[in-house]
Peer 1: 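The structure that follows is given in the form of structure tokens.
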Amino acid sequence: MKSKTFKPPIRTLMGPGPSDVSQRVLNAMAKNTIGHLDPSFVSMMDDTKNLLRYAFKTKNELTFAVSAPGSAGMECCFVNLVEPGDKVIICQNGYFGDRMKENVERCGGIAVIVNDDWGTKIDIAKAEKALKENPDACILAFVHAETSTGVKSDPKELVDLAHKHDCLTICDTVTGLAGIPLKVDEWNIDAVYSGTQKCLSAAPGLSPITFNKACEEKIKNRKEKVQSWFLDLNLIMSYWDGDGARAYHHTAPINNLYGLHEALVILAEEGLENSWERHYKNHTILRDGLAKIGIDFLVKEEDRLPQLNTIVIPDGVNDVNARKKLLKDFNLEIGAGLGTLAGKVWRIGLMGESSNEKNINHCIESIKSII
Ligand SMILES: *Cc1c(COP(=O)(O)O)cnc(C)c1O
């Protein structure tokens, strides 16, 4: 055997995720593994649920972390809430709306797509038109923070509208959580999922998720079993919620959960609102620095995500070669454009730990030297 211990290079992660993971979180994950039914582990899981409620600004009982990345959180919402024949309206303004459609159809549901141009926010008037034209729809799904384009949409507006038309709402805030304001209870969002490796800066592999009472009702009244055994909330909750009688469902990713717990403790120490503020302030520093070297943003100012900055690649710069050089010479990872934006834009993440002035300066200096 020639294989040796893997030593990852030191990088600065300023792409669409994962973001830099702090030494504190790495140290937490390196702690000794204990049993997943150990009372001490169980109490850490309970504390994690409380910390997630803090991050989501919710009192929802059904709040926990799915043992798989953000895509599984997405799937968990759809498989539990969508039954065969259910009509779901999907507001699509980027890559992730496509995946929602795929999820709905695999659940036997009917997806109605409301398209907005990539790089623009979800148009509330178009969503309203679709709701009026489809009175039998029962769910409206949308992405709060579209990582593929760097656009934020307005959950409150969309949720108010959906509820007027008797629809539940599914909100993807994988990139939103801890980076921009999100108020699950105040805005009455029904089902919400996120990820750990974006603005929470924990390692990838878990998906924080929360459901309100209306979702619990819909799930309880399902006519058919949830298609996915692993993501069936009825089963998962007997594990996360056991109250001493915790039933074995699967073995939790124990050390990864230590990391998420520590990342959430760090968030609580900083303060959620302060985290939102820091992400915004650092976006303005990056924006002003890039303006000085003649770089334009794709998205108009008021719709921009501070944690995901989509910039136009300057004329004459080769996308792939430039990003290779950034990685090789500067240990800097930034994101490529997706779909129709491939080769036209770069995506600079300022998420969680990565959202700091040292990274911003490093990023601006590195880009300056390759354009
Ligand atoms: C990253 C991301 C996901 C998927 O999360 P994974 O952890 O990569 O599975 C889903 N939605 C959005 C908006 C994302 O940015």
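Every number for a ligand or one of its atoms is a count from 1 in the order of the listing. The first residue in the sequence is number 1, and the count goes up from there. It should be emphasised that the depicted structure is a prediction, and the values quoted were computed from it without experimental measurement.
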Peer 1: Is a salt bridge present between Lys156 and Asp160, judged by a nitrogen-to-oxygen distance below 4.0 Å?
Peer 2: yes
Peer 1: For the residue pair His249 and Trp229, is the inter-centroid distance of their aromatic rings smaller than 6.0 Å?
Peer 2: yes
Peer 1: Just wondering, more than 12 heavy atoms not from Arg106 lying within 6.0 Å of its CZ?
Peer 2: no
Peer 1: With a 4.5 Å limit on heavy-atom distance, are the side chains of Leu298 and Ile311 in contact?
Peer 2: no
Peer 1: Mind jotting down which protein residues get a heavy-atom contact under 4.0 Å with ligand 1? Chain and number order, please.
Peer 2: Pro69, Gly70, Ser71, Phe96, Val143, Ala145, Thr147, Asp172, Val174, Thr175, Gln197, Lys198
Peer 1: Does the side chain of Phe330 come within less than 4.5 Å of Glu365's, by heavy atoms?
Peer 2: no
Peer 1: Tell me, please, which residues at least two apart from Lys126 pass salt bridge (Lys or Arg N to Asp or Glu O under 4.0 Å).
Peer 2: Asp116
